[in-house]
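Remember, predicted model here, so these are calculated numbers, not experimental data. By convention in this document, chain letters (A, B, ...) are assigned in the order of the sequence lines, proteins followed by strands, and residues within each chain are numbered from 1. Reckoned from all heavy atoms, side chains included, excluding hydrogens, waters and symmetry mates.
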Number of protein chains: 2
Amino acid sequence: MTASAARADGRPSPRKRAGNGAASRDVTDDVGLDALAGHAGYAVRRFQIWIFQDFIKTLGEVDIRPTQYSVLTVVGANPGLSQMAVAKRLGIERARLVHLLDSLEQRKLVKRIKSRKDRRSHALHLTAQGETALAKFKRLAAEHERHVEAKIGRANRAHLLRILAGFT
Amino acid sequence: MTASAARADGRPSPRKRAGNGAASRDVTDDVGLDALAGHAGYAVRRFQIWIFQDFIKTLGEVDIRPTQYSVLTVVGANPGLSQMAVAKRLGIERARLVHLLDSLEQRKLVKRIKSRKDRRSHALHLTAQGETALAKFKRLAAEHERHVEAKIGRANRAHLLRILAGFT
DNA sequence: GGCAATTGTTGTCGTCAACAACAATCTTTC
DNA sequence: GAAAGATTGTTGTTGACGACAACAATTGCC
């Protein structure tokens, strides 16, 4: 895999010569992108955008976005966590989590309970409504995962998860 | 419904299921996250954040962000493209590309040349300065790619690129 | 020639990461 | 036990980014 290193030296092979102004046709369909093909970040970025859009669409009927889903899942699996703990675990800032929880609490899905052991912190719990809602969200999320499988293939998805297991 | 894990797929879950309670002092280190472990989107998201941060840091000395790099690369490989063509190819909005190009043009890396064949559009070119700068950016980007290899392994990175080739 | 479509541009809105500051509350240290 | 320092939740700001809408200039189509 040469990636960009091999082409950094001189003029590579500009396959698609788009000469001056000759772009009036349908060049947009066929723009050489060789230089980006070897960049993991670019591929991952495009893939992540696709995945999130499918997730948002698939969970659209319940109006749950990926970040909200991750919060609900973590709180559901670990009731009583503090906001700090959840933020750290999900890699989001506690400042951001505040708004997330404001929204989720307003929708009666989670509740903040003042901890008596550390009166600075809030113990997070799902409401009863939140539990049943999360069950439905998980079904929809599983459907979304099937879309991913359909897109990149079952084996590839499994391999992808294994490769990226260290980041979860 | 206990909502403890996504049992949709009967994964044996050999992972780190933290014994509950034992971590009441430093919960942050060991929060059960099994429910998210099977979600491709979450892993990809975290990975993408890691990749971008490393890219931004590695290209920090030249102050080039991933999106800027992708624009420069495409324009460098396909001189004369219109803004619309670049935007379409990179999957960004032309409205957004305007600001990107404003910045890059201000830094004398690219130039907008009014096309005489279609006086609505601009033909995009790298400046001479932009060409040499891009060469350096590509060397740094290659270094970044080596960081990725070091993180997930050479073979895994190659496989990842193959899996996601359809999204580039 | 007239009307629809395209291109670049400007603007708004909402999401998200990164900081900074703050009050309330632990925790440490003397 | 009190002062000093750290932590938690909160508010606010900044900037990158995606999605949309509107607009003038220009082009293509009929």
Side-chain angles (χ1 to χ4, degrees), chain A residues 21 23-28 41-42 45-46 48-57 60 63-71 80-103 105 110-124, chain B residues 25-28 41-42 45-46 48-57 59-60 63-71 80-88 90-105 110-124:
Chain A
S24 294
R25 306 298 287 267
D26 48 337
V27 174
T28 60
Y42 183 72
R45 173 68 173 153
R46 297 296 297 261
Q48 191 254 325
I49 289 176
W50 182 90
I51 276 201
F52 267 44
Q53 279 175 350
D54 185 87
F55 187 99
I56 292 170
K57 201 173 89 180
D63 192 27
I64 286 292
R65 317 195 81 245
T67 314
Q68 297 175 313
Y69 178 78
S70 68
V71 171
L81 282 188
S82 70
Q83 298 185 193
M84 192 61 201
V86 172
K88 242 180 199 165
R89 189 59 189 86
L90 289 178
I92 62 186
E93 286 192 60
R94 58 190 206 279
R96 166 129 187 75
L97 189 59
V98 171
H99 303 295
L100 252 350
L101 288 174
D102 285 349
S103 160
E105 198 170 28
V110 305
K111 53 189 169 192
R112 292 186 246 223
I113 300 179
K114 300 193 104 159
S115 168
R116 276 174 307 284
K117 321 192 76 163
D118 184 344
R119 287 176 16 233
R120 295 170 300 181
S121 69
H122 294 157
L124 301 177
Chain B
R25 267 309 105 188
D26 59 337
V27 176
T28 60
Y42 183 73
R45 174 65 173 156
R46 296 297 296 261
Q48 191 255 323
I49 289 177
W50 183 91
I51 277 202
F52 267 44
Q53 279 175 349
D54 184 88
F55 187 99
I56 292 169
K57 202 173 90 182
L59 288 254
D63 192 26
I64 286 291
R65 315 197 86 246
T67 314
Q68 297 176 312
Y69 178 78
S70 68
V71 170
L81 281 189
S82 70
Q83 299 185 193
M84 191 60 202
V86 172
K88 243 181 199 166
L90 290 177
I92 63 187
E93 284 192 61
R94 60 189 205 277
R96 166 125 190 76
L97 189 58
V98 171
H99 303 295
L100 253 347
L101 288 174
D102 285 349
S103 160
L104 294 175
E105 198 170 29
V110 305
K111 54 189 169 191
R112 291 186 246 223
I113 300 180
K114 301 194 102 159
S115 169
R116 276 174 306 286
K117 321 194 80 161
D118 184 341
R119 294 189 357 245
R120 294 170 301 181
S121 69
H122 294 157
L124 300 176

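- For B:R112, counting side-chain heavy atoms from C-beta on, the closest listed nucleotide (C:dT9, C:dT7, D:dT8) is C:dT9.
- In this structure, A:D102 atom CG and D:dT10 atom P are separated by 7 Å, rounded to whole Å.
- The interatomic distance linking B:F55 (CZ) with D:dC17 (P) rounds to 11 Å, in whole Å.
- One donor-acceptor pair, N or O on each side, does fall under 3.5 Å between the base of D:dT7 and the side chain of A:R120.
- For A:Y69 and A:F55, the ring centers sit closer than 6.0 Å to each other.
- Note: CD (A:Q48) to P (C:dC16) measures 10 Å, nearest angstrom.
- When the side-chain nitrogen and oxygen atoms of B:R65 are compared with OP1 and OP2 of D:dC17, one or more of them lie within a distance under 4.0 Å.
- Residue A:R119 is in sugar-phosphate contact alone, with no base atom involved, counting any heavy-atom pair closer than 4.0 Å across all strands shown.
- In terms of position along DNA chain D, the nucleotide closest to A:D118 lies nearer the 5' end than the nucleotide closest to the other residue of the pair B:G91 and A:D118.
- The distance from the CG atom of B:L97 to the CE atom of B:M84 is 10.0 Å, given to the nearest 0.5 Å.
- One can place CE of A:M84 at 12 Å from C1' of D:dA6, the figure rounded to the nearest angstrom.
- Of the charged side-chain nitrogens involved, at least one lies within less than 4.0 Å of a carboxylate oxygen, so that B:E105 and B:R112 count as a salt-bridged pair.
- Among the nucleotides C:dG11, C:dA18, C:dG8, the one closest to the side chain of A:E93 is C:dA18.
- Among the nucleotides C:dA17, C:dT9, D:dC17, the one closest to the side chain of B:Q53 is C:dA17.
- Here the side chains of B:L59 and B:R65 are not in contact, with every heavy-atom distance at 4.5 Å or above.
- If you measure from atom CZ of A:R94 to atom C1' of C:dT25, you get 13 Å, rounded to the nearest angstrom.
- Going from atom CD1 of A:I92 over to atom C1' of C:dT15 covers 13 Å, rounded to whole Å.
- Between the P atom of D:dA16 and the CD atom of B:Q68 lies a distance of 8 Å, rounded to the nearest Å.
- The side chain of B:A95 lies closest to D:dC20, out of C:dG8, D:dT11, D:dC20.
- Distance A:H99 NE2 to D:dT10 P: 10 Å, rounded to the nearest Å.
- Proximity of A:Q83 to the phosphate of D:dT7: no side-chain N or O atom is located under 4.0 Å from OP1 or OP2.
- Closest contact between the side chain of A:I49 and the listed nucleotides D:dC17, D:dG18, D:dG12 involves D:dG18.
- In this structure, the side chains of B:L100 and B:R96 come closer than 4.5 Å at one or more pairs of heavy atoms.
- Residue A:S121 places none of its side-chain N or O atoms closer than 4.0 Å to OP1 or OP2 of D:dT7.
- Across all strands shown, A:R96 has heavy atoms under 4.0 Å from sugar-phosphate atoms exclusively, and none from any base.
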